[in-house]
Amino acid sequence: MPLIAKLLVQRIALGLLLLFLVSGLIFAGTMILPGDVAQSILGQSATPEALANLRAELGLNEPAMQRYFNWLGGILTGDLGTALTSGTDIAESIGKRLSNTLFLAFWAAIIAVPLAIFLGLLAVRFKDRWPDKMISAVTLASISIPEFLIGYVLMYLIAVKLRWFPSVAMINDGMSLGDKLSAIALPVAVLTLVVLAHMMRMTRAAILNVMQSAYIETAELKGLNGFQVIFRHAFPNAIAPIVNVVMLNLAYLVVGVVVIEVVFVYPGMGQYLVDHVSKRDVPVVQACGLIFAAVYIGLNMVADIVAILSNPRLRHPK
Amino acid sequence: MKNIPISALIGLFFTALYFLMAIFAPLIAPYGMAEVVGDVWEPSRIEIMLGIAPDGFTESQYWLGTDNIGRDLLSRMIYGGRTTIFIATMATVVSFTLGSVLGFFAAVTGGWVDQSLSRFVDLVMSIPTLIFALVVLSVTPVTVPMLIIVMGLLDSTRVYRLARAVAVDIEVMDYVEAARLRGEGTSWIIFREILPNALSPLVAEMGLRFIFMVLFVSTLSFLGLGVQPPEADWGGIVKENKDGIVYGIPAALVPAFAIATLAISVNLVADWVLNRTTSLKGGRG
């Protein structure tokens, strides 16, 4: 299969090129002001000595291109630099937090993906009847409220009023898996709710699209019932769009994590990023921004690859 | 205009209500925005009426209670709505002006201008908006004009895509060719030929972008990177009162109600505009 291999290589090369350009954009994003980064970090009242020290520390005395390639070269060899505020190694601080964040996102995805596909199928089966209408009303409501507010509403109802789960999600290495899961139950629930709405709407649209095909009508005419038609004929043909939907939403999940971690005081990447944005710790912000963007681009690339692999028409383009 | 569906009427009513409250905030608010009027987190009149207030409280002069340092929460909400709606509106204006003009320009000009603009927009959109905003806000001063510019610029990429897609369809129409043959310049074609015909899908999209902006600025303020205290705004009110949640004080949930009702009512209006557009234009939208 040389053609499909060529398509895949093209897509992966495009992803890598995109990642390279994005790193440039993130680097340029922190120089967007015409003034001096050191000045805006320290404020107007900074002494000239402090400014000079910070400039030297940030390497601002070198030209921008050289700084960018130094930074990029460091990242490629696993050196993310040191944090301005604490002087600690960024790669070390991020390592632990990244695995915490992925742990949270993993459990949210495990619950959200099957649930969203099942509810999407349900909405299609009972299209325009009350289950469909109720599902779309609930999804409309949940995408109209920002994530952090859903977080506090759940925290108020479940953690404070009902006392089922702790209101902050502190985890550490000494905890057993069960304890960890109980600690992250609420943030996982919020993330599930947030992506569930999007994923369900898109699953419903993807299957409805397939349902209009002629072979579905044939299946109905030969006497299959509603669920059989959906499972045996519509669902296999809707897998590519659904996988696409799932990947896009996992990418969305990675961003939603930032805010939810702050709400539940969870020791992950998101909180690390937000803390250091308010401290104006530029190297940390650049490193975190690049990692988030890389995960986002990576998941989008996987979505495209799955779409290429699962679609016979893309495998044999005319 | 006579047969507006009931859902759109409800949406229009509440949207108008929120905008009027924002405009006339100083006349409506019972107390000043930063005025300390009572104790910390006094229960609200609504809680007392519902019988869910803590024991020992039988009356309150504050409809929504007081906040974390004893300011009247209703006044904070009204002034906060003013800030939130103002920033969201201005950012929407920036993103629409820039996004649609550039999108039309790219569609009309075509060639390498179109290619380079579109590829650049693709590049910016491949970074999650919130992450990119955080990166930029880590070096810029967090002021209201700066917020408006950053949010507007980042969001204009989405408007650009829509505007370009709509304009590419219109650009091949006979009347555009007629204008070209007449010898009209690019700006005439953009503003007199394409803009009037692309207006309705753009207006429907505007509602959705406005909601996105409200959610975006609330999120930034909640993270402490948006509107700075003592200025009030809905995300900031959550941040100020979040510690009360653990003690069972629901003050931080009030903005949830406000944001959700505003978002849903604007959505209802946008849905109606979109439906009207698609039925008029034979499905194009």
Side-chain angles (χ1 to χ4, degrees), chain A residues 18-19 21-22 24-27 29-33 35 37 40-41 43 140-150 152-153 155-157 159-161 167-168 251-252 254-256 258-259 262-263 273-274 276-282 284-286 288-293 295-297 300, chain B residues 119-120 122-124 126-142 146 149-150 153 211-212 214-220 222-225 234-235 238-239 241-242 244-250 252-268 271:
Chain A
L18 196 59
L19 205 53
L21 292 175
V22 159
L25 200 59
I26 285 180
F27 192 81
T30 56
M31 338 238 120
I32 207 156
L33 280 195
V37 180
S40 63
I41 291 174
L140 177 68
S142 78
I143 51 180
S144 301
I145 313 176
E147 294 99 339
F148 64 91
L149 280 173
I150 299 181
Y152 281 120
V153 171
M155 192 196 276
Y156 181 73
L157 294 178
V160 177
K161 289 289 172 194
S167 61
V168 291
Y252 185 80
V254 171
V255 183
V258 174
V259 181
V262 176
V263 172
L273 172 61
V274 171
H276 287 81
V277 170
S278 34
K279 289 181 194 158
R280 302 189 167 261
D281 193 332
V282 177
V284 176
V285 174
Q286 282 173 337
C288 290
L290 187 62
I291 291 176
F292 274 113
V295 174
Y296 191 76
I297 291 171
N300 276 306
Chain B
R119 293 296 82 76
F120 182 71
D122 286 351
L123 177 63
V124 175
S126 70
I127 307 176
T129 320
L130 180 65
I131 303 290
F132 203 31
L134 289 181
V135 169
V136 174
L137 287 175
S138 72
V139 290
T140 55
V142 184
M146 204 63 220
I149 293 172
V150 170
L153 284 183
I211 287 306
F212 181 77
V214 170
L215 300 186
F216 197 21
V217 71
S218 305
T219 304
L220 285 176
F222 166 71
L223 295 176
L225 304 162
W234 288 344
V238 179
K239 185 183 167 64
N241 294 298
K242 66 180 182 191
I245 293 267
V246 193
Y247 308 110
I249 295 153
L253 305 183
V254 177
F257 183 74
I259 294 177
T261 43
L262 177 63
I264 291 173
S265 27
V266 175
N267 262 328
L268 291 175
D271 264 3

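Bear in mind the structure is a predicted one, so any value in this text is a computation, not a measurement. Note: hydrogens, waters and symmetry copies are ignored here, and every other heavy atom, side chains too, is used. Every chain is numbered from 1 and lettered A, B, ... according to where its sequence line falls, protein lines coming before strand lines.
Residue contact with chain A, scored on non-hydrogen atoms closer than 4.5 Å, is absent for B:Val214. Only the side chain of B:Val238 comes within contact range of chain A, judged by heavy atoms closer than 4.5 Å. With a threshold of 4.5 angstrom between heavy atoms, A:Val285 approaches chain B through its backbone and through its side chain. Contacts between B:Leu225 and chain A at a heavy-atom distance below 4.5 Å involve the side chain alone, from C-beta outward. Interface remark: B:Asp122 contributes no atoms to any contact with chain A (heavy atom separation under 4.5 Å).
Here the closest non-hydrogen pair linking B:Phe132 and A:Ile26 is CE1-CA, 4.5 Å.
In this structure the side chain of B:Leu130 reaches within 4.5 angstrom of the side chain of B:Leu220, judged on heavy atoms. Taking the side chain as every heavy atom from C-beta outward, B:Trp234 and B:Leu262 approach each other to under 4.5 Å. Residues A:Tyr152 and B:Leu253 have side chains in contact (heavy-atom distance under 4.5 Å, counting atoms from C-beta outward). The closest side-chain heavy-atom distance from B:Phe120 to A:Leu25 is below 4.5 Å.
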Exercise. Please walk me through it: do A:Phe292 and A:Val258 pass side chain to side chain contact (heavy atoms under 4.5 Å, CB included)?
Worked result: CA-CA 10 Å; A:Phe292 274 113; A:Val258 174; 3.7 Å; yes

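Residues satisfying the ring-ring contact (aromatic ring centres under 6.0 Å, His included) test with A:Phe148, not counting sequence neighbours, are B:Phe222.
Ranked by heavy-atom pairs shorter than 4.5 Å toward chain A, the options B:Ile127, B:Leu137, B:Asn267, B:Val266 are led by B:Ile127. Per-residue heavy-atom pair counts under 4.5 Å with chain A were compared for B:Ala256, B:Gly235, B:Ser218, and the maximum is reached by B:Ala256. Counting heavy-atom pairs under 4.5 Å between each of A:Asn300, A:Val259, A:Ile150, A:Leu19 and chain B puts A:Val259 at the top. For the options B:Val124, B:Ile211, B:Thr129, B:Thr219, heavy-atom pairs under 4.5 Å to chain A are most numerous at B:Thr219.
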